[in-house]
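Please read the structure below before turning to the comments.
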Number of protein chains: 2
Amino acid sequence: MPARPFTTSSSMWLEPATKPWLNAYTPRPIGGDELIERAADDWRRLAASAPPARGIGELLITTLEYASVLPPTLYGAACAVAAPPAPEGYVVTRGNAGDLAVVGADAAGALYGTLRLLVLGPEALLGGKKTVVSSPDLSLRMLDHWDNLVPHPVMGTIERGYAGDSVFFENGDLVPDTDRIDDYGLLLASIGINAVCLNNVNVHATEATLVGERLDLVRAIADILRRHNITTFVSVDFAAPMTLGGLATCDPLDESVERWWRETTDRVYSVVPDLGGYVVKADSEGRPGPFDYGRDHADGANLLAAALAPHGGLVMWRCFVYNHRQDWRDRTLDRARAAYDHFMPLDGRFADNVLLQIKHGPLDFQVREPVSPLLLGLRETRVALELQIAQEYTGHAWDTYFLPTAWREVLELDVAGDGGADLGRDLVDRRGSAIVAVAGVGRDWNWTGNTFSQANLYGYGRLAWDLHEGTQTIAQEWAIASFTGDADLHEALTRILLRSREAYENYTAPLGVGFMVTPGGHYGPNIDGYEYSPWGTYHFADRDGVGVDRTPTGSGYTEQYPPALAARYRSLEDCPERLLLFFHHLRYDQVLPQSGVTLIQRIYDTHFEGVEQVRAMRRDWETVREQVPEGTRTDVDRRWQAQEHNAIEWRDQVCTYFLRHSGIADAAGRTVYP
Amino acid sequence: MPARPFTTSSSMWLEPATKPWLNAYTPRPIGGDELIERAADDWRRLAASAPPARGIGELLITTLEYASVLPPTLYGAACAVAAPPAPEGYVVTRGNAGDLAVVGADAAGALYGTLRLLVLGPEALLGGKKTVVSSPDLSLRMLDHWDNLVPHPVMGTIERGYAGDSVFFENGDLVPDTDRIDDYGLLLASIGINAVCLNNVNVHATEATLVGERLDLVRAIADILRRHNITTFVSVDFAAPMTLGGLATCDPLDESVERWWRETTDRVYSVVPDLGGYVVKADSEGRPGPFDYGRDHADGANLLAAALAPHGGLVMWRCFVYNHRQDWRDRTLDRARAAYDHFMPLDGRFADNVLLQIKHGPLDFQVREPVSPLLLGLRETRVALELQIAQEYTGHAWDTYFLPTAWREVLELDVAGDGGADLGRDLVDRRGSAIVAVAGVGRDWNWTGNTFSQANLYGYGRLAWDLHEGTQTIAQEWAIASFTGDADLHEALTRILLRSREAYENYTAPLGVGFMVTPGGHYGPNIDGYEYSPWGTYHFADRDGVGVDRTPTGSGYTEQYPPALAARYRSLEDCPERLLLFFHHLRYDQVLPQSGVTLIQRIYDTHFEGVEQVRAMRRDWETVREQVPEGTRTDVDRRWQAQEHNAIEWRDQVCTYFLRHSGIADAAGRTVYP
């Protein structure tokens with residue numbers, strides 16, 4: 001059977017043209033497990049499109065269980081590691097004769113090791129070393145698709161999707177070309193993703209039937225993803241007992257509701273026995289939930305947990321719960337407080353198979369937020385850190401924005417505020433933590449809209465596997481794996497990625513204040529767009545100053561942090577400058593302790609700098625664009641043009657807005673329109 | 001044949017319950033013209049649902065031509081008028097025996113006279129007089145429907161419609177119930193409307209076929225409307241030679257284009273021989289037009305005029321031409337100048353059957369604008385004054401807003417600025433002027449969304465007939481004709497209408513500056529909503545002041561007016577206070593010459609007053625609501641609730657915005673949120 005080529009012109013970081021090693025090795029699976037066979041098949045499949053090479057040797061793929069049948073030198077090397085790999089982990093080793101061996105802790109590990117080798121090649125993976133060992137930091141590394149079965153009138157096929165239609169669904173049914181789902185499974189496995197939730201957390205009527213009459217869709221997709229060691233989850237509607245079941249209530253303590261969920265879940269598992277579980281958005285932005293019945297979120301989550309427990313299923317319970325009908329006039333309310341206020345008192349009350357899924361910041365995936373204090377506070381409850389690959393507030397895949405830069409900062413926070421263990425370490429040390437990201441993948445030819453956005457998916461997988469992986473490494477790996485070309489090309493692409501977040505942050509909302517975006521769509525500037533809305537996302541700019549006082553003189557949100565962090569954020573001197581307006585309302589003439597200039601001048605400076613940084617990235621791109629294939633080249637060209645236009649629009653609107661408010665001219669004399 | 005009742009529960013001002021005179025007279029048509037028969041039929045039809053009455057006498061309906069067959073006293077009275085009625089006009093007279101006669105200048109006049117008598121009844125129409133004579137000021141009194149054949153993805157079935165789906169179209173076809181179109185024709189005839197354009201001026205692909213393969217729809221509707229003396233127009237796509245005809249150009253000077261329009265128009269008139277003509281929006285907000293070919297609008301309009309002239313058809317050429325891709329940074333541009341700058345140099349170059357259709361103000365149907373200087377300037381070109389009944393910027397039929405108040409002010413402008421002839425007089429005196437309004441009617445049970453909005457349609461018809469009719473009369477007539485009840489009810493409804501515009505103006509954008517609305521939808525406040533947009537609608541608020549300098553120190557727009565008006569608007573002292581920020585950029589601490597308080601205080605005062613005025617109207621309603629039928633009562637209740645909420649939101653957002661900018665507190669100490 002000839003190897004099936006990729007269904008799209010872009011195979012992202014699996015691009016065979018960059019991988020001369022594929023045809024230099026003959027994969028030999030040992031042990032007979034399907035995932036081991038799959039690993040060998042994946043290698044052969046991509047090798048069919050890869051450059052020809054003189055054979056060097058064999059690539060032996062197996063698990064620790066069967067490793068003794070390896071040639072002695074390979075077996076010895078694999079066993080000589082300081083500690084054996086953890087579940088899903090692997091050892092990759094090189095024999096003297098040039099053979100390679102991937103030895104998984106289990107079959108999944110063999111798959112991940114083989115695919116890692118496939119992406120990077122032996123030289124880059126092993127460097128000068130004979131052996132590399134790697135295990136995932138977290139056992140659940142998940143993607144949440146916000147896909148709709150039928151297009152939503154406003155949100156379309158994928159809510160906050162900027163890369164075309166759903167990979168899974170089309171017009172209420174499975175996509176006609178399921179090979180693409182298979183390709184997608186391979187792409188995700190190659191970066192270690194092992195779970196996918198198929199549908200939007202806003203579960204509309206049609207999508208609710210995925211645990212009802214359209215369960216066949218879940219089975220069909222799960223059957224494909226399972227080949228790649230990916231577990232399937234579904235988002236469920238908390239009100240399903242009413243909307244699907246015809247009950248008069250969805251009160252979590254009602255017996256008929258418990259029965260409905262139990263019977264429904266039993267039926268679901270009879271069709272998809274290895275379903276991962278349910279993702280739930282309850283009492284959030286208009287979704288139904290336990291609050292409707294005077295119950296709390298432990299009651300709600302435990303209801304589903306009880307139905308899922310017999311099947312080993314998990315509840316991913318989202319903590320994005322806040323009052324989205326806030327009155328802008330009431331400055332005593334602070335949406336940032338909401339998740340902690342709602343969930344912290346419930347710590348310890350959740351069943352073992354419940355994970356609280358918590359956005360990285362207290363608001364909603366802004367360019368700059370502090371880490372959610374709820375993530376730090378919960379100690380008796382399993383948590384899942386939620387990130388967003390879809391570039392909702394970060395440029396809609398028009399503007400280049402390398403998200404791992406931001407995610408690393410989240411994971412690097414010293415959780416006690418004492419320079420000690422960081423959040424990454426802390427998550428690993430806690431019982432059963434997980435990581436989840438909103439996917440941002442669609443059926444565009446390049447999967448992600450902007451080709452640079454591929455690096456965000458890649459980086460998410462890499463960070464989910466290794467919470468301490470460096471952004472430079474990730475960016476470089478992606479560039480080299482995705483594009484043939486010389487070192488200039490790979491260095492330029494890497495440089496662009498690593499600078500992109502700072503540029504975007506510089507030209508958008510200043511110093512952590514967030515949400516100066518066009519309401520609804522969330523692309524492009526609208527400084528007062530949410531200022532008088534019910535969404536609780538205000539910046540309080542007036543003629544004297546701007547920012548949100550979240551210290552004890554304001555909302556007191558700072559006090560949700562461990563004491564040392566609270567002290568850091570309370571203090572004008574110690575608060576990171578990039579977060580100053582998130583935590584403080586400052587006068588325009590306030591001199592900022594860290595940069596030494598006034599707030600208004602800092603706003604001007606960062607915004608002019610942001611545009612220059614975009615221009616620099618664009619120039620960087622110009623020097624290497626000829627090395628990039630035609631389709632990608634012209635598409636990226638177009639996106640740089642849009643980004644530069646957008647950056648200028650941001651800069652000018654922000655600067656004009658603050659000039660009109662402050663009356664203070666730019667000290668550097670640049671053009672700020674009156 | 002039993003009389004067909006109205007298809008809807010609301011027959012608006014034709015409500016038979018208010019008309020005990022209907023069964024007191026037996027209509028007798030004389031002369032055999034269809035419209036005369038129609039007038040008698042209309043009377044009989046409504047009488048069938050009206051209260052029983054003892055017969056008083058006959059209602060003789062005829063034209064001057066046949067008047068000699070009337071009984072001598074009636075004939076004598078009809079002939080005794082100082083001047084005979086003009087075309088479409090009528091005499092109504094009462095004989096000694098109690099008989100009535102309507103004598104039209106022509107059959108249409110007989111219809112209008114009869115329907116006027118039908119709406120008001122003999123006592124109200126004649127008062128103490130024996131004879132009344134009336135003729136329309138303008139021969140073309142038109143409604144523009146912005147209806148789509150198929151729902152537009154954003155704009156829906158009716159662009160800027162707030163009263164349900166199209167009366168004409170449904171899913172690309174005729175509505176199933178054409179009786180409603182017939183009812184609508186009667187309603188319009190009863191207020192003297194004699195022309196209707198069926199479709200949206202933004203002519204999308206499907207709608208373009210109304211002069212092509214879907215001409216049958218135009219014929220079907222024209223056949224119904226014709227019964228009520230209503231001429232049908234269609235909006236056409238200037239690019240139709242390309243989109244429908246497959247030509248490579250729509251250059252107005254291209255011979256193949258001329259031929260296409262001639263042949264198309266010949267075919268159209270072979271099917272609808274009395275079509276009124278075409279309405280055209282060209283080179284406007286993205287529509288194609290002559291500018292695309294380096295031609296001017298005289299070239300464009302005359303192209304269609306040549307095709308229409310052999311059939312007696314008219315071109316209604318809209319002057320809503322401006323740059324909608326303006327750069328907000330460029331303060332030298334002024335959208336208000338656009339129509340005059342584009343069209344004034346072309347005065348005299350338009351064919352005789354072209355009317356330039358000009359919005360009443362230079363921008364776009366704001367609550368307060370000065371009269372368009374183009375309307376005043378053009379002397380060698382026929383003009384049509386364009387009004388908007390659809391409440392796009394005036395509360396979406398949620399907020400009660402009696403538009404005739406605003407229209408009267410437009411018509412009362414002394415055109416030379418010398419206290420002499422007003423615009424109404426001027427339009428009558430000019431050759432072939434017309435009046436047009438965007439309809440705002442839909443298939444809601446009450447036709448207009450808010451029942452009070454019925455008064456806007458009524459008022460438009462009344463003013464179109466008599467440009468000097470008073471708003472008090474109009475409001476009172478509507479209240480009495482629409483609702484049975486005591487004088488308290490009619491007085492309260494009248495009071496509410498007459499106060500409504502001032503209230504709305506008070507709580508929305510201050511002093512003529514306009515456009516502080518939610519982008520796209522245009523309902524509710526968004527002070528900076530259009531401030532950084534490409535639409536050219538800015539207020540330039542900063543920490544020091546607000547408003548647009550349109551005097552010679554600014555855009556110089558004032559100089560488009562006749563000298564005395566220009567001087568009035570240039571002067572801070574003479575400029576009407578309600579227009580101050582339209583013409584001037586003022587400091588918040590500027591003392592306003594007319595009210596004697598500072599600008600910022602005036603902003604606070606008007607906004608608090610606006611909310612109180614809404615509450616007063618609502619209280620007024622409460623005192624009489626029990627007299628109103630259940631359906632209307634609860635619907636209007638709901639709309640008052642929405643309006644009060646909306647008014648408070650406007651007040652608070654406007655006041656907070658300006659407090660934040662000015663830093664100046666309300667001198668009266670009311671709550672302005674910081």
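Just so it is clear, the structure is predicted and the values come from calculations on it, not from any experiment. Just so we're on the same page: letters track the sequence lines, and every chain starts at 1.
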Problem - ring pair (Phe, Tyr, Trp, His ring centres under 6.0 Å), paired with Tyr504(A), selected from Trp398(A), Tyr393(A), Tyr401(A) - result: Tyr401(A)
Handout entry: His204(A) side chain vs Thr206(A) backbone, donor-acceptor pair below 3.5 Å
Key = no
Practice task
Working to the nearest 0.5 Å, report the span between CZ of Phe169(B) and CG of Leu149(B).
Solution key: 5.0 Å
Completion exercise
When Gln613(B), Glu609(B), Gln643(B) are each screened for side chain to side chain donor-acceptor pair (under 3.5 Å) with Tyr507(B), the one that passes is Gln643(B)
Practice task
Please assess Tyr322(B) against Glu285(B) for the test side chain to side chain donor-acceptor pair (under 3.5 Å), listing each intermediate value before the final yes or no.
Solution key: CA-CA 8 Å; Tyr322(B) 68 97; Glu285(B) 299 183 334; 2.5 Å; yes
Handout entry: Heavy-atom pair with the smallest gap, counting every atom of Phe583(B) and Thr558(B)
Key = CD2-CG2, 3.5 Å
Handout entry: Positions in residues 655-662 of chain B that reach chain A, provided some heavy atom is under 4.5 Å away
Key = Thr656(B), Tyr657(B), Arg660(B), His661(B), Ser662(B)
Exercise for the section: Return the minimal non-hydrogen interatomic distance between Asn171(A) and Val150(A), and the atom names on each side. Expected result: C-CG1, 4.2 Å
Practice task
Could you please state which residues from residues 522-539 of chain B sit under 4.5 angstrom from chain A, measuring non-hydrogen atom to non-hydrogen atom, sorted by number, or 'none'?
Solution key: Asp528(B), Glu531(B), Tyr532(B)
Handout entry: Inter-chain contacts: residues 511-521 of chain A against chain B, heavy atoms under 4.5 Å
Key = none
Fill in the blank from the handout: Whatever's closer than 4.5 Å to a heavy atom in chain B on Pro153(A) counts as neither
Fill in the blank from the handout: Residues His607(B) and Val654(B): closest non-hydrogen pair is NE2-CG1, 3.4 Å
Fill in the blank from the handout: salt bridge (charged side-chain N to carboxylate O under 4.0 Å, His left out) pairs touching residues 538-554 of chain B, sequence neighbours excluded, are Asp334(B)-Arg550(B)
Practice task
For Glu649(A) and Ala647(A), indicate whether the former's side chain and the latter's backbone hold a donor-acceptor pair under 3.5 Å.
Solution key: no
Problem - Main-chain N/O of Ser555(B) paired to Arg337(B) side chain as donor or acceptor, under 3.5 Å - result: yes
Fill in the blank from the handout: Closest non-hydrogen contact found for Ala541(A) with Val546(A) is CB-CG2, 3.8 Å
Problem - Distance (rounded to the nearest 0.5 Å) between Leu333(A) CG and Asp327(A) CG - result: 8.0 Å
